[in-house]
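Okay, structure first, notes after.
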Protein chains: 2
Amino acid sequence: MPRCRRMGPPWWEPRFREAGFRLTMPRQVILEVLSNTEEHLSAEEIYLLIHKVYPNIGLTTVYRTLDLLVDMGLVFKFDFGDKRARYELSQGPASKKHHHHLICTKCGRIIDYTDFIDEERELLQRTEAGLSEKYNFKVTSHLIQFYGLCDECQE
Amino acid sequence: MPRCRRMGPPWWEPRFREAGFRLTMPRQVILEVLSNTEEHLSAEEIYLLIHKVYPNIGLTTVYRTLDLLVDMGLVFKFDFGDKRARYELSQGPASKKHHHHLICTKCGRIIDYTDFIDEERELLQRTEAGLSEKYNFKVTSHLIQFYGLCDECQE
DNA sequence: ATATTATTGAAAGTGATTTTCAATAATAAG
DNA sequence: CTTATTATTGAAAATCACTTTCAATAATAT
Ligand SMILES: [Mn+2]
Ligand SMILES: [Mn+2]
Ligand SMILES: [Zn+2]
Ligand SMILES: [Zn+2]
């Protein structure tokens, strides 16, 4: 599965060097999997995907690596209400812009949307400024999710 | 702890009658606890609070009751990133308005804020309408949280 | 009073995630 | 090129919030 369609070194390589972490095979493989999917994979799903090609990489390492990647800011970790955490590259060569999620509460489908992000960003900016002033709370990130029924689940 | 400061029957009583559920002692006690706290309690915290006065109410019942209350719409269930779910009355006699949360990623403090809710509501309305049109996704609820550092945690 | 149904709690089970720890790989030092 | 130092790994065991099971009890209907 981990198909490589670039030629140069991947964008995360310098991040590892700067941080002083070793860019090992399991780490590369996991990043490749995340680069080449549109889905929001769970740790176990990632493990199963890479296990077919690299049967020696353990589930523990997948969990540990994902934690590391989240800490480094390369990956976002989400809770979409099924019991497992789900992961997504925080940036990418293509199409991976800042976006939020629609979550179908019936079938679990996740839809990325980037619409209204601009107006949203403006409101968020004002809100964050106001919160900073009123509560002296320094916002570093936000989470916005919409729950409801997807196209197919409204009978 | 479950102090009662009203005289008439609590607002959730008709909700139980309408739904055909029995308003038993454990359920009343749990609702009282939630009415009289400003915090966002976990199931176990609720259990420990009521256990001092009602040692016969089990943790299982607390979990089950909270599930029921969430299903009935009387209680909101949140994930603030510590591993346990946290609960909050969805409405109340006083001060419990629609609000969102600031989460300090260092100390875990949760701050309710209602500021900017109006402008926010307007944006959400437009966003939901747009999402409905573009993805035919019917929004039923949303989640907005800000993460960052609280007053005391910015050294 | 008796049958029916809802609620409860102790104990056992679940399942995603973590921890432990000894083995191995990568880098630094000599 | 050794050898010491440090980082990374994976199997197995542990954790821990939450769920399930099931027999007992309480509430309501007949
Ligand atoms: Mn996404
Ligand atoms: Mn709140
Ligand atoms: Zn759906
Ligand atoms: Zn803080």
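Letters A, B, ... mirror the listed sequences (proteins, then strands); counts begin at 1. Hydrogens, waters and symmetry mates are skipped; everything else that's a heavy atom, side chains included, is used.
Here C:dA16 presents its C1' atom at 9 Å from CG of A:L59, a figure rounded to the nearest Å. Protein atom CD of A:E44 is 14 Å distant from nucleotide atom P of C:dT18, rounded to whole Å. Summarising the geometry, the separation between NZ on A:K77 and P on C:dA16 is reported as 14 Å, rounded to the nearest angstrom. One atom, CG of A:D67, and another, P of C:dA16, lie 16 Å apart when rounded to the nearest Å. Put simply, CG on B:D79 is 18 Å from P on D:dC16, counting in whole angstrom units. Look at OH on A:Y87: it is 10 Å from C1' on C:dA16, rounded to the nearest Å. Rounded to an integer number of Å, the gap from CZ of A:R17 to P of C:dA26 is 16 Å. Atom pair B:R84:CZ and D:dT15:P shows a separation of 16 Å (rounding to whole Å applied).
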Protein-nucleotides 5-9 of chain D N/O pairs closer than 3.5 Å?
residue: D:dA7; atom: O4'; partner: A:R22; partner atom: NH1; Å: 3.2
residue: D:dA7; atom: O4'; partner: A:R22; partner atom: NH2; Å: 3.0
residue: D:dT8; atom: OP1; partner: A:R22; partner atom: N; Å: 3.1
residue: D:dT8; atom: OP1; partner: A:R27; partner atom: NH1; Å: 2.8
residue: D:dT9; atom: OP1; partner: A:T24; partner atom: OG1; Å: 2.5

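Nearest to the side chain of A:Y63, among C:dA16, D:dC18, D:dG10, sits C:dA16.
More than 12 non-hydrogen atoms from other residues, nucleotides or ligands lie less than 6.0 angstrom from CD of A:E119.
One finds a side-chain N or O of A:K83 lying less than 4.0 angstrom from the OP1 or OP2 phosphate oxygen of D:dT19.
Aromatic rings of B:H142 and A:Y147 (six-membered ring for Trp) have centroids beyond the 6.0 Å cut-off, not under it. The aromatic ring centres of A:H101 and A:Y113 sit 6.0 Å or more apart. Aromatic ring centres of B:H40 and B:F80 lie closer together than 6.0 Å.
Residue A:A85 is in sugar-phosphate contact alone, with no base atom involved, counting any heavy-atom pair closer than 4.0 Å across all strands shown.
Within the 3.5 Å criterion, the main-chain N or O of A:K138 finds no donor-acceptor partner in the side chain of A:S132.
Distance check: A:L102 CG to A:I111 CD1 gives 5.0 Å after rounding to the nearest 0.5 Å.
With respect to A:R86 and A:E45, a salt bridge is recorded, a charged nitrogen being found less than 4.0 Å from a carboxylate O.
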